[in-house]
Number of protein chains: 4
Amino acid sequence: MQDAHSEPTRDTNGKTKSTARRGRPVGDHKAKQAVLLKAAIAVIAKEGYAGASLRKVAKQAGYTTGAVTYYFANKEAMITAVAENLFDEFHALLEAGREHADLKAILEQWLEWTRTEDDAWLVLFQLLAHARHEPAFANILQQRYAGFRQIFTSILESGQSQGRIRRDIPADLLADQISAISDGWMMMFPLEPERFEPHRVQTLLDAAITMISPYPASGD
Amino acid sequence: MQDAHSEPTRDTNGKTKSTARRGRPVGDHKAKQAVLLKAAIAVIAKEGYAGASLRKVAKQAGYTTGAVTYYFANKEAMITAVAENLFDEFHALLEAGREHADLKAILEQWLEWTRTEDDAWLVLFQLLAHARHEPAFANILQQRYAGFRQIFTSILESGQSQGRIRRDIPADLLADQISAISDGWMMMFPLEPERFEPHRVQTLLDAAITMISPYPASGD
Amino acid sequence: MQDAHSEPTRDTNGKTKSTARRGRPVGDHKAKQAVLLKAAIAVIAKEGYAGASLRKVAKQAGYTTGAVTYYFANKEAMITAVAENLFDEFHALLEAGREHADLKAILEQWLEWTRTEDDAWLVLFQLLAHARHEPAFANILQQRYAGFRQIFTSILESGQSQGRIRRDIPADLLADQISAISDGWMMMFPLEPERFEPHRVQTLLDAAITMISPYPASGD
Amino acid sequence: MQDAHSEPTRDTNGKTKSTARRGRPVGDHKAKQAVLLKAAIAVIAKEGYAGASLRKVAKQAGYTTGAVTYYFANKEAMITAVAENLFDEFHALLEAGREHADLKAILEQWLEWTRTEDDAWLVLFQLLAHARHEPAFANILQQRYAGFRQIFTSILESGQSQGRIRRDIPADLLADQISAISDGWMMMFPLEPERFEPHRVQTLLDAAITMISPYPASGD
DNA sequence: CATGAATGAGGTTTCATTCAT
DNA sequence: AATGAATGAAACCTCATTCAT
């Protein structure tokens with residue numbers, strides 16, 4: 001996966017300016033943090049949020065107990081970092097798709113992603129379930145989701161202006177519906193994997209697209 | 001919800017100062033179990049699954065820790081009982097709605113329910129997130145969900161034959177989409193309550209109905 | 001196994017005098033107690049002392065929790081009753097053997113007994129290990145053991161006077177050694193059953209007899 | 001034995017009033033583990049296996065509950081460590097005695113040991129009683145005991161070749177008998193200490209030696 | 001007589017966190 | 001910069017015991 005720099009908002013000071021390594025190793029911090037992050041994702045995916053302890057994360061990463069609390073002030077800080085990381089990935093996906101303004105392509109890419117990095121959605125869902133009880137985290141989530149829906153909306157709007165998306169429902173409502181459907185699938189996917197084999201997923205996706213498309217001339 | 005003393009039969013005299021109530025009590029098993037169930041729901045809603053401990057449930061119900069494990073063999077047994085309970089309520093709702101075969105009415109009733117017993121959905125979502133790690137529980141869930149989708153499907157089928165539901169998408173796929181949308185809303189509701197105020201919910205609902213309805217003659 | 005009346009020292013009042021059953025069923029008490037005793041033995045044998053709970057005993061007997069504490073004032077009372085019961089059996093064995101004054105026969109019978117009712121020794125050993133921490137119980141044990149050693153001694157004495165037992169060691173010391181050997185075997189038997197298959201036990205027994213027998217004329 | 005403060009490195013200043021000692025401490029792992037081991041032995045000796053809780057061990061050592069489970073993964077791990085420790089001591093004793101090939105000396109040393117470190121045998125017996133229900137532990141025990149018997153056998157064999165041990169019974173059987181007698185004494189010692197005062201023990205020991213010695217020329 | 005609901009202490013274990021090194 | 005020993009609270013659960021029915 002992306003290395004430590006997938007997370008752009010951190011570390012604004014100049015410590016890393018000189019690429020020539022002098023004195024004590026620099027930059028390890030971010031790298032190690034990324035390793036721990038990955039371990040955290042793996043642990044949450046396997047054990048669920050409730051079963052994910054800092055100890056297990058440390059072990060999974062091959063680090064010591066102290067290291068985890070050294071790199072993350074808190075358990076919540078770690079969880080938050082995990083969430084930011086995942087959202088960043090998803091955001092990149094969306095942005096890439098926005099250029100083509102093709103919703104179907106985006107959803108397909110998204111499905112592809114969930115298949116490749118299947119841990120991601122598992123974890124995201126776990127975190128979502130606990131956001132309500134970690135206010136700081138809930139905040140992050142709201143903002144991210146708002147951003148996603150906005151992108152969706154803009155894509156749908158351009159789709160409407162091109163006649164590829166039905167116009168009788170406002171774009172923001174459609175974005176909400178699509179977003180909800182995606183979430184709903186994500187929610188069920190880990191529970192009933194057999195209901196989400198590739199072929200059926202394609203069918204579901206087609207049906208969703210049909211639901212937000214204008215009716216063909218013939219109508220029904 | 002009710003605070004710790006929602007259970008009224010306790011400690012009516014002053015004797016309990018040093019010797020707590022012992023021996024065979026009056027109430028019947030089912031009733032007390034229901035009290036504990038309700039307490040469990042309240043706790044899970046407030047603290048989330050990960051934060052819901054038997055201790056807290058006991059305290060919430062005004063019982064001792066031992067009492068909880070007396071009525072429920074396990075924590076998992078308790079959780080399972082909670083889930084069954086909630087599913088039963090939802091099932092009743094669905095069955096009642098099936099008679100009218102009116103999807104919109106059903107969804108509205110459901111929204112009404114989530115508003116009245118707001119804990120229910122909160123809890124269900126929490127449980128869903130943990131089902132993956134409690135196989136026995138996951139099983140229950142699958143069966144229940146399958147049942148719900150089947151009812152949805154039959155309602156949609158009759159809607160299709162009456163011309164109130166679009167026919168270009170098979171009923172079972174529509175049922176899946178509706179189910180996913182509901183889940184998606186349920187997922188976001190606790191995180192962004194302001195996005196789900198009554199008026200907006202009505203709008204969302206209308207949009208969803210529109211998406212599964214046949215196009216008006218005029219079309220777009 | 002013997003029914004409730006294997007235990008002769010209890011209930012000296014006349015409640016049971018009339019064999020004709022009148023009014024409320026009498027004698028059930030003893031019978032049920034015996035059932036519970038048997039269950040207790042089974043549980044201790046299977047789970048060890050530390051793992052033997054009144055609950056498990058109740059379940060094993062098919063009784064309720066309350067029944068156990070109804071028939072036995074205490075857990076310790078139950079344990080004590082179990083011990084008395086086992087000692088009674090062993091005492092009967094010894095007494096039967098005393099008549100023949102044949103130590104070898106006694107030991108063989110004893111081995112036979114341990115093989116038939118293998119739970120007995122397992123349990124006795126478990127109880128022994130805990131006697132030190134239950135003074136009342138330790139007391140019983142001392143008295144019983146003293147009795148056994150006395151019988152052993154008297155048998156050995158008569159053996160000595162008949163020239164079948166060596167005379168260079170006082171009978172009471174020999175009794176102690178034999179007693180210790182038996183205990184030692186009992187101690188190891190559950191741990192290394194393969195070391196105590198019938199044939200080897202016979203060999204061990206013969207060796208023990210040889211050790212307390214006078215030397216043959218030839219000597220070594 | 002030593003009371004709770006046998007561990008001297010603790011709390012040398014008054015700071016600990018409200019904030020207990022935290023962070024990386026000085027002592028070395030092995031030493032602290034040994035302290036806890038000793039505490040465990042003391043507790044088991046006093047309270048028996050069934051009554052020995054990790055909490056009590058922690059208190060006895062002056063540590064916290066968490067410390068105990070930090071040094072021993074499990075209760076069983078702790079028990080096992082205790083057993084290994086005791087067996088090691090006993091093994092050292094035996095090995096020391098093997099050089100002289102003098103069984104009587106060994107037994108006397110052993111008796112001396114049981115008198116000095118009286119907890120040792122008490123504990124060993126407690127553990128023995130529970131070995132049957134902890135298979136991993138039973139395994140350790142079997143191997144150790146087998147080793148002990150082998151040493152006994154070799155000593156007895158050399159005794160036989162020197163004419164100090166009777167030859168009409170194979171050495172391995174004699175070893176078994178001696179082993180059983182030791183175990184039998186160990187079993188009764190905590191229950192009837194008055195039967196095992198030094199003088200009588202000496203007498204018992206002499207009798208045992210006589211039983212495995214060749215008959216004097218005169219015979220009886 | 002006999003039950004079984006309920007207690008509350010105590011068991012083992014896991015955990016996030018701290019901090020001397 | 002990193003460690004890992006140690007903490008202490010809290011988790012789940014089991015248990016002997018009591019006593020209204």
Side-chain angles (χ1 to χ4, degrees), chain A residues 24-26 28-29 32 50-58 63-78, chain B residues 10 16 19-29 32-33 50-58 63-76 78, chain C residues 24-25 28-29 32 50-58 63-78, chain D residues 10 16 19-29 32-33 50-58 63-78:
Chain A
R24 273 209 290 95
V26 172
D28 274 306
H29 196 272
K32 294 211 176 169
S53 70
L54 298 190
R55 282 231 234 286
K56 284 178 193 158
V57 171
Y63 282 45
T64 61
T65 338
V68 180
T69 50
Y70 177 72
Y71 283 104
F72 300 101
N74 255 341
K75 182 177 184 178
E76 187 167 348
M78 189 184 76
Chain B
R10 222 144 201 57
T16 50
T19 58
R21 281 260 243 103
R22 288 287 191 86
R24 182 173 249 243
V26 209
D28 74 305
H29 195 88
K32 299 245 166 135
Q33 194 157 322
S53 69
L54 299 189
R55 281 227 248 276
K56 285 177 192 160
V57 171
Y63 281 49
T64 61
T65 331
V68 179
T69 53
Y70 175 73
Y71 280 102
F72 301 100
N74 259 344
K75 182 178 182 176
E76 186 166 349
M78 188 185 76
Chain C
R24 273 207 290 97
D28 272 307
H29 196 272
K32 295 211 176 170
S53 70
L54 298 190
R55 282 232 234 288
K56 285 178 192 159
V57 171
Y63 282 46
T64 62
T65 339
V68 180
T69 51
Y70 178 73
Y71 283 104
F72 300 102
N74 255 341
K75 181 178 184 177
E76 187 167 347
M78 188 185 76
Chain D
R10 224 148 200 51
T16 51
T19 59
R21 283 259 244 102
R22 287 288 190 86
R24 180 173 250 243
V26 210
D28 76 305
H29 195 88
K32 300 245 165 133
Q33 194 157 321
S53 70
L54 298 190
R55 281 225 246 271
K56 283 178 193 158
V57 171
Y63 282 48
T64 60
T65 331
V68 179
T69 53
Y70 175 73
Y71 280 102
F72 302 101
N74 259 343
K75 182 179 183 176
E76 187 167 347
M78 189 184 76

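In what follows, every chain begins at residue 1, and chains take the letters A, B, ... in the order their sequences are listed.
- Across D/Y63 and D/K32, no two heavy atoms sit closer than the pair OH-CD, 2.8 Å.
- Between A/K56 and E/dC15, a side-chain N or O to OP1/OP2 separation shorter than 4.0 Å is present.
- Across all strands, A/A52 comes closer than 4.0 Å only to sugar-phosphate atoms, never to a base (heavy-atom distances).
- In this structure, OG1 in A/T64 is found 11.5 Å from OH in A/Y70, a value given to the nearest 0.5 Å.
- Heavy-atom nearest nucleotides on DNA chain F were determined for B/G66 and for A/G66, and the one closer to the 5' end corresponds to A/G66.
- Remark: P of E/dT3 and OH of C/Y63 are 8 Å apart, rounded to the nearest angstrom.
- When rounded to the nearest whole Å, the span between CG of B/L54 and P of F/dA9 equals 20 Å.
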Item to complete: Kindly express the pairing pattern of DNA chain F in dot-bracket notation, using | wherever a base pairs with another strand and counting only Watson-Crick or G-U pairs under 3.5 Å.
Response: .||||||||||||||||||||
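- For A/A73 against A/A77, the heavy-atom pair with the smallest separation is N-CB, 4.1 Å.
- Between atom OG1 of residue C/T69 and atom NZ of residue C/K75 there is a gap of 13.0 Å, rounded to the nearest 0.5 Å.
- For A/S53 and E/dC15, the shortest distance from a side-chain N or O to OP1 or OP2 is below 4.0 Å.
- For the pair D/F72/D/Q33, a side-chain contact is recorded, criterion being any heavy-atom separation below 4.5 Å from C-beta on.
- Contact annotation: A/K32 side-chain N/O to F/dA2 OP1/OP2 distance is under 4.0 Å.
- Considering only the side chain of D/T64, F/dT7 comes nearest among E/dA2, F/dT7, E/dA16.
- The stretch residues 67-78 of chain A touches DNA chain F through A/A67, A/Y70, A/Y71, each having a heavy atom within less than 4.0 Å of the strand.
- Residues C/V68 and C/A58 share a closest heavy-atom pair of CG2-CB, 3.5 Å.
- Phosphate contact (OP1/OP2 of F/dA11, side-chain N/O of B/R55, threshold under 4.0 Å): present.
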